[in-house]
Each structure stands twice: as C-alpha cells, then as structure tokens.
Amino acid sequence: MNIPQKLLATLFKTGSVKLDGGKVVNKAELLDPSSPAPVFVVVDAQSEEECKLLSKIDFNAMLDDSKQTLLLMVHFSDSNLIVSDDYKSIFDAYKDIDHLLMSKNPASRILFDCAQRNAILSSVLPLEKLHQPTNADSFVLEDLTKDSTRSITLSQHLLKYNVYPTQKFPSGWQKHNVLLKKSFNFKSEQDRAIKVYSDFTSETRSETPAKKLRRGFCCPDITFLGTTSTYSSTYRNVSAVLLQSDTFNALLDAGEMTVGQLIRLFGPEKAEQVISKLNFLYISHIHFDHCGGSMSVAEYYHKANGTPLTILCPVRMLPWFKYLSSVFKIPLYLVPLGKIQQDKDLQSELQEKHGVKIDLCPALHTRDSWCVVLKSEDWKVAYSGDTLPNTKFVNIGKDCDVLIHEATHQSSLSEDAAKKRHSTVGQAIEIGEAMGACYTALTHFSLRYQKLPPFIKETVPGNVMFAHDFMKVTKDTADIWCEATNVLAKLFPDHYKDLSKQPYYSSK
C-alpha cells in the first residue's frame, strides 16, 4: 500500500490516516497477525543455595502468554556451580531449548582480530604476548554434554543466536562467522612475519645518527592497553596506558575493559598483582572511553589491598565517582586535578607519597579536560589525553623522555579534527618536536584506523612510533617500535591495501 512517508508517523500514532483521495487506512491493515514473542532467560547463580532455588523454579509458568515459547537460557553462573547436581537438573528440566554458557574469565574471551595481530607482531617485535588461559569452561562443557540430549553451547566471539526467525535465518545459532575466523593459520602467518621482518632488518641494519643522539634516555615500562577512540573494536580497545617501574606504577586513563585487557595480557593472578601496586589512576577527562573501566580497577585494587584506590580526576567527575562508590560499596580516594594544579602543598604531598612530580595544564577538548606530565628522578613522561595542539602542554612537557599524544585523525583531516577538538598525526608530531621529546608515541586512533594506524602519506620522523594494543615501550625497545612503522605494510599487506583504498586516503 502506497502511503506517503509524512503520514506514516500519524498513522502509527493515531491508528488511522486519510489519504489524498479520501480513503481511510487503518494501522491494522498494514500489520501482520500478531504472534507471541519468543522468550529467553538469563541465569546467574552465585551460591549453592541459589542453585537449589533455581532448580525449583518453573520458568514456563512465568510466561505472560500461553502461546509464548521459551527458546534460550543464558548462563552467567560460576563454572564450579554449573557442574553441581542441582544446576544440572536445570539443564535436564529444559532439554528442549538451547543453553548458552557465558565465560566469566576475560582471558578466555580473546578478541580474535586482536589475537591475530598480536600473534604476528609478537613473533618479530617486543609486543607482550597474550596470556594463554587454561580454558576450564571447555572441561565444564565436556562434562555437561556427556548427556547427548542436552543442547549446550559455549560462548564464542562472533557467535550469534537468532531469536526472531526469518526466511534467511531461522531461529537458533548462526555459527558461520565463527567458522570463517577459525580458518586463520597462526603458525604460517608467524613464519611469514619472521621472514618479512628478517628481510627488512637486513636492509636497515646500519645505525643512524639520530639513534645515537637518543641514547641515554630513560623511561618506565609503558604498556598500551587500548589505542582506539570512542569505543572498542575487535582490533583495539579504548584508552588505557600502564606505567611500571621499580618504585612507581600508574594507569593513565582506564576505558572500558581495562581490567579485561590486563587479564588477557598477564593472566588473572598477575593482573591482580599489577593493579595492587598502582600508586594512582589518572583520568584525563569525563568521556567514557577514558574512564569507563575505572570502577573495575578500583574494585580489584581494594580487594587486593583493603584500601581505596587513589584516583586523580577532573572535579566534574567527583559526583559520578561518589555515586558509584556508594552503589557498589567500593571506597575511593578522589583528588581533583584542578586542585592539584592550584595547590602547591598538595603537589608536594603527592610527590612525597608517590615519588613523581605531577604537572598539569588544561587540555583543549571538552570542559575540565587535562594534560599531565609525570617526572621522577630518572625520567619524564608527558600524556596528552584528548586535546587540540596545546602550547601550555608543550611548555610543561619540555625535554620529556616520552610524549604519549593522541593522533585521532590523519593529517589531511585537520578540519574534522578541529571540529571534534582532537589532534592529527602531523600535529602530534609537531608537538613532540616543539617539546624536544626523545620519543613520541601516537595513540587514540579514530575507529576508521582499526586494522592499521594512520601512517599512510605521513612524514614520520625516526623517533615517532604508532601504538598497538599490548605494545610495551622500554628504554631498550623504543627504537625498535619506531622502526616498526616502516614494516607494517609488509606484515599486514591486506590491511594496508584496504586502508589505502579508503576515500579519505585515495581522494587526497
């Protein structure tokens, strides 16, 4: 039925509408016969007592409509409880529906594309290899499916369940995406990467004068836990940078899944140790891709130490943190960044407590955003957070060992970057040069640069590196990461080809 677009809203709001010819159309004429909505149940048992209670519940009796059907049960319960007799009785009572086991171990939920990149880069570069968990969930699944009448599936990345059947996709599991991803051969790709990198290094083995000038610099170990902006993807997580030394440890921003990234990298036990040693968590501004994982970090810290985590954050975030602290019963020690900047006594107190001098200046981004410089007796690290090119930041970051600067957009998109109050690759490099930074590490790339960072058609000096998730920069590896930019196109030829064809490159 041909109904003008402008009349559709009125039709669905009032139930009927009159067309130009005088014909009255009722909403019921356009709708298919109503059908009962499919139902799924989410189960999360935390104790044996809860398992006993769940085993006695009749979920079918809870349906609103006798025509409704229960299709799927999603289990977030602990794997130790799932194998109990009481919990198994739930599977047996609902054998005619599908069951999905959701792992609670972040390390077992490796994003495949990120793992693929990590396998290639870590075979030739000082990239931290991901922790390989013992997948207890697979043993749980094996135990539960001894009874072949149970329909139980273990969660996997890209696995989909279609609730509403269509002609193209019937209800049930859609595993085609998962099967396609499994065709990647890690071993052969690693062997190819080793050959490519060996050929590259043999051509560029001679040492340049620039490297000699940079010798003697010092820095803490700097591990990038997230290098994209806005929200995470299968290739990169959002902003988080881990600083580690013998006497000082800190997180610079903590976007969503920061704790998950730590567990994927170190494993559960070591990740807890790393978090327990944090001097503080620094939050540059209120955007969620920089602070969304803060409370998880605070929870792990409090669990390990029994004391509140120190969070240095913008003053406008204090009500948010105080509210979350009261809701989740996680104590926090909050220090406003504006107060640190203005109060010399507080600066001295923090320096005495943590062993680093904290210099701050306002960032040119959203309201109450900050840039920070941390200086110990041995090193100086500058972190931009999100900002336009910032003269005040240049002044406080002079002669730093490492500048970590956002480079959200390629240089040819400077107008777009300015509108969103971000920096381009070229602008970030210029800031590093103006500071006299020994090394500049670029991060916080736009979502358009997920597979490879925006290095195409850029003039990149020899002391500049593009960050990858789990990349670890030390005084011994900084030059290697700077050199790595030149070999990325050869290590990831398909990704390079895809990126080169994008209109924001090909049209410039």
Can you give each donor-acceptor pair under 3.5 Å made by side-chain atoms of residues 285-295, sequence neighbours left out, with the distance rounded to 0.1 Å?
residue: His285; atom: NE2; partner: His287; partner atom: ND1; Å: 3.3
residue: His285; atom: NE2; partner: Asp386; partner atom: OD2; Å: 3.4
residue: His287; atom: ND1; partner: His365; partner atom: NE2; Å: 3.3
residue: Asp289; atom: OD2; partner: Thr230; partner atom: N; Å: 3.0
residue: His290; atom: ND1; partner: Asp253; partner atom: OD2; Å: 2.8
residue: His290; atom: NE2; partner: Asp386; partner atom: OD1; Å: 3.2
residue: His290; atom: NE2; partner: Asp386; partner atom: OD2; Å: 3.1
residue: His290; atom: NE2; partner: His444; partner atom: NE2; Å: 3.3
residue: Ser294; atom: OG; partner: Cys291; partner atom: O; Å: 2.7

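Taking 4.5 Å as the limit, some side-chain heavy atom of Trp379 sits within range of a side-chain heavy atom of Val356. Looking at heavy atoms from C-beta onward, Leu251 lies in side-chain contact with Thr258 at the 4.5 angstrom threshold. Looking at heavy atoms from C-beta onward, Met257 lies in side-chain contact with Arg264 at the 4.5 angstrom threshold. Taking the side chain as every heavy atom from C-beta outward, Leu312 and Leu281 never approach each other to under 4.5 Å. For the pair Gln450/Thr228, a side-chain contact is recorded, criterion being any heavy-atom separation below 4.5 Å from C-beta on. Side-chain contact between Ile429 and Leu442 is present, with heavy atoms from C-beta onward closer than 4.5 Å. Side-chain contact between Leu225 and Leu265: present, with at least one pair of heavy atoms (C-beta onward) separated by less than 4.5 Å. For the pair Phe455 and Asn486, the minimum side-chain heavy-atom distance is 4.5 Å or more.
Nearest heavy atom pair, residue Arg448 against residue Leu499, reads O-CD1, 4.2 Å. Shown here for Pro389 and Leu364, the closest heavy-atom pair between the two residues is O-CD1, 3.4 Å. Heavy atoms only, all atoms of each residue included: Val297 and Ala254 are closest at CG2-CB, 4.4 Å. Across all non-hydrogen atoms, the minimal contact from Pro362 to Asn390 is O-ND2, 2.9 Å. Here the shortest heavy-atom pairing between Gly397 and Val373 reads CA-CG2, 3.8 Å. The shortest non-hydrogen separation linking Ala298 to Leu309 is CA-CD2, 3.8 Å.
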Can you list the steps and then say if Met465 with Tyr439 is a side chain to side chain contact (heavy atoms under 4.5 Å, CB included)? CA-CA 8 Å; Met465 64 192 83; Tyr439 291 92; 4.0 Å; yes

Are Thr443 and Val241 close enough, and set up right, to give a side chain to side chain contact (heavy atoms under 4.5 Å, CB included), and what steps lead you there? CA-CA 10 Å; Thr443 186; Val241 182; 5.6 Å; no

Can you check side chain to side chain donor-acceptor pair (under 3.5 Å) on Asp221 and Thr474, steps first, answer last? CA-CA 5 Å; Asp221 291 350; Thr474 69; 5.0 Å; no

Report the C-alpha separation of Leu121 and Tyr197 in whole Å, then their side-chain angles, then the decisive distance to 0.1 Å, and conclude whether the side chain to side chain contact (heavy atoms under 4.5 Å, CB included) test is met. CA-CA 10 Å; Leu121 289 177; Tyr197 192 73; over 6 Å; no

Just do the side chain to side chain contact (heavy atoms under 4.5 Å, CB included) check on Lys277 and Gln244 with the steps written out, would you? CA-CA 9 Å; Lys277 294 179 181 179; Gln244 294 175 290; over 6 Å; no

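Between the SG atom in Cys371 and the NZ atom in Lys392 there is a gap of 10.5 Å [rounded to 0.5 Å]. With rounding to the nearest 0.5 Å, the separation of CD in Gln261 from CG in Asn237 is 4.0 Å. Atoms NZ and CD1, from Lys270 and Ile275 in turn, are 13.0 Å apart once rounded to the nearest 0.5 Å. Here Tyr383 contributes atom OH and Leu403 contributes atom CG; the two are 11.5 Å apart, rounded to the nearest 0.5 Å. Once rounded to the nearest 0.5 Å, the distance linking OH of Tyr231 with CG of Leu447 reads 5.0 Å. Here the straight-line distance linking atom CD1 of Ile97 with atom CZ of Phe91 works out to 9.5 Å at 0.5 Å rounding.
Looking only at distances, no side-chain donor or acceptor of Asp378 sits under 3.5 Å from a matching main-chain atom of Phe217. At distances below 3.5 Å, at least one donor-acceptor pair connects side-chain atoms of Glu458 with backbone N or O atoms of Ser411. Although no hydrogens or angles enter the test, the distance criterion places no donor-acceptor pair under 3.5 Å between the side chain of Asp401 and the main chain of Val381. A side-chain donor-acceptor contact under 3.5 Å links Ser77 to the backbone of Ala45. Looking only at distances, a side-chain donor or acceptor of Ser233 sits under 3.5 Å from a matching main-chain atom of Arg236. Judged purely by atom type and a 3.5 angstrom limit, Asn305 has no side-chain atom pairing as donor or acceptor with the backbone of Thr307. Formation of a donor-acceptor pair under 3.5 Å by the Trp481 side chain with backbone atoms of Met471 is not found in this model. Judged by distance alone, the side chain of Ser229 and the main-chain N or O of Phe445 form a donor-acceptor pair under 3.5 Å. Remark: the backbone N or O of Gly385 is not paired with any side-chain donor or acceptor of Ser239 at under 3.5 angstrom. A donor-acceptor contact shorter than 3.5 Å is absent between the side chain of Ser198 and the backbone of Ile194.
Between His405 and Phe393, the ring planes lie tilted relative to each other; the angle falls in the 30° to 60° range.
Between Phe224 and Phe470, the distance separating the two ring centers is not shorter than 6.0 angstrom. For Tyr235 and His495, the gap between ring centers is short of 6.0 Å. Ring pair Phe280/Phe248: centre-to-centre distance below 6.0 Å. In this structure, the ring of Tyr87 has its center less than 6.0 angstrom from the ring center of His75.
Ion pairing of Lys195 with Asp199 is present here, as a side-chain N (NZ or NE/NH1/NH2) and a carboxylate O approach within less than 4.0 Å. We find that Lys375 and Asp359 are not joined by a salt bridge, their nearest charged nitrogen and carboxylate oxygen being 4.0 Å or further apart.
Side chains of Gln410 and Thr424: a donor-acceptor N/O pair is absent below 3.5 angstrom, by distance only. No hydrogens or angles considered: a donor-acceptor pair under 3.5 Å links the side chains of Thr227 and Asp469. Between the side chains of Ser414 and Gln427, no donor N or O sits under 3.5 Å from an acceptor N or O. Using modelled atom types and a 3.5 Å distance limit, the side chains of Glu406 and Ser384 yield no donor-acceptor pair.
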